[in-house]
Peer 1: 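Let me begin by handing over the structure; questions about it come next.
To find a chain, count down the sequence lines: A is the first, B the second, and so on, and within it residues start at 1.
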There are 2 protein chains.
Amino acid sequence: MSSTNALTSEELGSSAQRERRERILDATIALASQGGFDAVQMRAVAEQADVALGTLYRYFPSKIHLLVTALAREFERAEKVLATRAISGDTSADRVITVLRRTTRGLQGDPHLTDALTRAFMFADKSAAQEIHAVGMLLTRMLTRAMHPGIDEVSDDDIAIARVIGDVWLSALVAWVTGRSTAEETAAHMERAVRLILR
Amino acid sequence: MSSTNALTSEELGSSAQRERRERILDATIALASQGGFDAVQMRAVAEQADVALGTLYRYFPSKIHLLVTALAREFERAEKVLATRAISGDTSADRVITVLRRTTRGLQGDPHLTDALTRAFMFADKSAAQEIHAVGMLLTRMLTRAMHPGIDEVSDDDIAIARVIGDVWLSALVAWVTGRSTAEETAAHMERAVRLILR
DNA sequence: TCTCGAAGTGAAACGTGTTCCTATTATGTC
DNA sequence: GACATAATAGGAACACGTTTCACTTCGAGA
């Protein structure tokens, strides 16, 4: 099925393979967390995951695929945690801001990791479109859920709004990662944008 | 003055140096336009600009600086052209959409070039913050001017709004470049976002 | 004009992502 | 258990961004 794409855990037969895949992603996150994008070196990932370089490339066709997939996994986990807690806030805007603030703070707590994942996400080309799309969907779902808690039905308008907010959030994150804005400015900018859009 | 940054044309003494710099940027744009980010290889740029590799690196400390600077130059030119023409449209939203559509169409007419410049912009790290900031300012000015034609005084709110729109535009561009959305979807998304924000 | 320092040249070398190849080890089938 | 096939290991090799260095050329001041 997937020739140019990363192997998903579902299409991995044996449990040994699933474990290998997890080890690789763990090593990726660990290295990224420690030294950012540059520290995620394919040889280092392979060694830390106790896997040959060729095997690493069999599981993930490029560094970008690897990082974007790792990003997706982290995102899924974060979303699961978020989904359990009710989101405080009376209005859509308040809830969205709460979610974004929480997520952003989480990311800013690990700048190197955020650097690696953001850069990978932005640098990805067509070949990683599938993985990127998965992350985008997660983000959109997270936001629409904050906008309408408990409601799974969302309108096209809501999705469009969530996308716009997601866009701003990503740009703000990039600006922060590249040192163009501080954490406070990032938060303020995002809050302003949300209040502008959701009113 | 600038040790880690690209040499700006102002701080270049001789005209021979200014010409070298222009040749380098021309070669960059030509290669990018022909084959995108990957085709902008430093050796190829040096050769096409008829300059030694070491010289290229003296003018631009990295491929990213080179591309972002080239992007800034293209942007300045585009903005000059835009500035001469009055912008059609009765409302702020209409005018902003006109500008964005025009600019986007221009970019989409040269997908490879857009690929190269967008990826460089998004991938840039702290060391290119200055060049990135220059592009951001240009973009913001372009948008505020579309919002309030003929008025040079803009409020903080206007700048914030322009930033948000710029964020969305960049994200949309990235999505288009990475093949996640078509040109039509990109245009529609942008228009929707602008009408959402400017109302 | 001569001299000196800065700028440019040309080429080698290094680091890291990626590819490729052969030997070895698992895994499933008869 | 023996075999066929796929997966993995281990490592060399290649591409391109980047650095380095020895040498040459240029340009401004004595």
Peer 1: Taking CZ from Phe60(A) and C1' from dT19(C), how many angstroms apart are they, rounded to a whole number?
Peer 2: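 One finds 18 Å between C1' of dT19(C) and CZ of Phe60(A), rounded.
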Peer 1: Identify which nucleotide among dT9(C), dA9(D), dG17(C) has an atom closest to any side-chain atom of Lys63(A), counting heavy atoms from C-beta outward.
Peer 2: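 Between dT9(C), dA9(D), dG17(C), the one nearest the side chain of Lys63(A) would be dG17(C).
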Peer 1: In the hydrophobic clustering (ILVMFWY, side-chain contacts below 4.5 Å, transitive), which residues join Val154(A), or is it alone?
Peer 2: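 Noted: Val154(A) shares its cluster with Ile159(A).
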Peer 1: Between C1' on dA7(C) and CZ on Arg58(B), what's the gap in Å once rounded to a whole number?
Peer 2: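 The answer, rounded to whole Å, is 5 Å.
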Peer 1: Rounded to the nearest Å, what distance is computed from the CZ atom of residue Arg20(A) to the P atom of nucleotide dT25(C)?
Peer 2: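 Arg20(A) atom CZ is separated from dT25(C) atom P by 14 Å.
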Peer 1: Could you encode protein contacts along nucleotides 23-29 of chain D as a string, one character per nucleotide from 5' to 3', using B for base contact, S for sugar-phosphate-only contact and - for no contact, with a heavy-atom cut-off of under 4.0 Å?
Peer 2: -------
Peer 1: Quick check on Arg163(A): does its CZ atom have over 12 non-hydrogen neighbours (other residues, nucleotides or ligands) under 6.0 Å away?
Peer 2: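 Count not over threshold, so no.
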Peer 1: Give the nucleotide from the list dA7(C), dT9(C), dA9(D) with an atom nearest to the side chain of Gln17(B).
Peer 2: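 Of dA7(C), dT9(C), dA9(D), dA7(C) is nearest to the side chain of Gln17(B).
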Peer 1: Taking NZ, NE, NH1 and NH2 as the nitrogens, is one of them in Arg77(B) or Glu74(B) under 4.0 Å from a carboxylate oxygen of the other?
Peer 2: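 Salt bridge: yes.
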Peer 1: Any side chain to side chain donor-acceptor pair (under 3.5 Å) involving residues 28-51 of chain B? Give me the pairs, sequence neighbours left out, ordered by first then second residue.
Peer 2: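 Only Ser33(B)-Asp110(B) qualify under side chain to side chain donor-acceptor pair (under 3.5 Å).
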Peer 1: Rounding to a whole Å, what distance do you find between Met42(A):CE and dG17(C):C1'?
Peer 2: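 It works out to 7 Å between those atoms.
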Peer 1: Is there a donor-acceptor pair closer than 3.5 Å between any side-chain N or O of Thr178(B) and the backbone N or O of Ala175(B)?
Peer 2: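 Yes.
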Peer 1: Give the rounded distance in Å between these two atoms: CG of Leu66(B) and C1' of dC16(D).
Peer 2: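 Answer to the nearest Å: 14 Å.
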Peer 1: Taking only N/O atoms, report every protein-nucleotides 11-15 of chain C pair under 3.5 Å with atom names and distance.
Peer 2:
| residue | atom | partner | partner atom | Å |
| --- | --- | --- | --- | --- |
| dA13(C) | N6 | Arg43(B) | NH2 | 3.2 |

Peer 1: Arg195(B): which residues meet the side-chain hydrogen bond (donor to acceptor under 3.5 Å, both in side chains) condition with it, sequence neighbours left out?
Peer 2: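 Arg195(B): side-chain hydrogen bond (donor to acceptor under 3.5 Å, both in side chains) contacts with Asp94(B).
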Peer 1: Sequence neighbours left out, what passes ring pair (Phe, Tyr, Trp, His ring centres under 6.0 Å) with Phe75(A)? Give chain and number order.
Peer 2: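 So Phe75(A) forms no ring pair (Phe, Tyr, Trp, His ring centres under 6.0 Å) with any residue.
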Peer 1: Just how far, in rounded Å, is P of dT27(C) from CZ of Arg18(A)?
Peer 2: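 Atom CZ in Arg18(A) sits about 13 Å away from atom P in dT27(C).
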Peer 1: State whether Tyr59(A) places a side-chain N or O below 4.0 Å from either non-bridging phosphate oxygen (OP1 or OP2) of dT8(D).
Peer 2: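 Checking dT8(D) against Tyr59(A), a side-chain N or O does come within under 4.0 Å of OP1 or OP2.
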Peer 1: Check which hydrophobic residues are tied to Val81(B) through side-chain heavy-atom contacts below 4.5 Å, counting indirect links as well, and list them.
Peer 2: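 Besides Val81(B), the cluster holds no residue at all.
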Peer 1: List, by chain and then residue number, the residues other than Met137(B) in its hydrophobic cluster (Ile/Leu/Val/Met/Phe/Trp/Tyr, side-chain heavy atoms under 4.5 Å); write none if there are no others.
Peer 2: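 When side chains under 4.5 Å apart are linked, Met137(B) ends up in no cluster with other residues.
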Peer 1: Mind checking if Val45(B) touches a base, just sugar-phosphate, or nothing, with heavy atoms under 4.0 Å?
Peer 2: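 Nothing: the residue Val45(B), judged by heavy atoms under 4.0 Å, touches no strand.
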Peer 1: Run the side-chain contact (heavy atoms from CB on, under 4.5 Å) test against Ala46(B) and tell me which residues pass, sequence neighbours left out.
Peer 2: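 With sequence neighbours excluded, Ala46(B) shows a side-chain contact (heavy atoms from CB on, under 4.5 Å) to Leu53(B), Leu56(B), given in chain and number order.
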Peer 1: How close or far is atom C1' of dG17(C) from atom CG of Asp38(B), stated in whole angstroms?
Peer 2: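 After rounding, the reported distance stands at 12 Å.
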Peer 1: Residues in side-chain hydrogen bond (donor to acceptor under 3.5 Å, both in side chains) with Thr103(A), at least two apart?
Peer 2: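 Thr103(A) satisfies side-chain hydrogen bond (donor to acceptor under 3.5 Å, both in side chains) with no other residue.
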Peer 1: For Ala183(B), what residues pass the side-chain contact (heavy atoms from CB on, under 4.5 Å) criterion, not counting sequence neighbours?
Peer 2: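 With neighbours one apart ignored, the set is Gln108(B), Trp176(B).
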Peer 1: Atom CD1 of Ile64(A) to atom P of dT16(C): distance rounded to whole Å?
Peer 2: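 To the nearest whole Å, that distance equals 16 Å.
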Peer 1: Angle, rounded to 10°, between the helical axes spanning five pairs at each terminus of the helix from dT1(C)-dA30(D) to dC30(C)-dG1(D)?
Peer 2: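 Axis angle across the helix from dT1(C)-dA30(D) to dC30(C)-dG1(D), nearest 10°: 10°.
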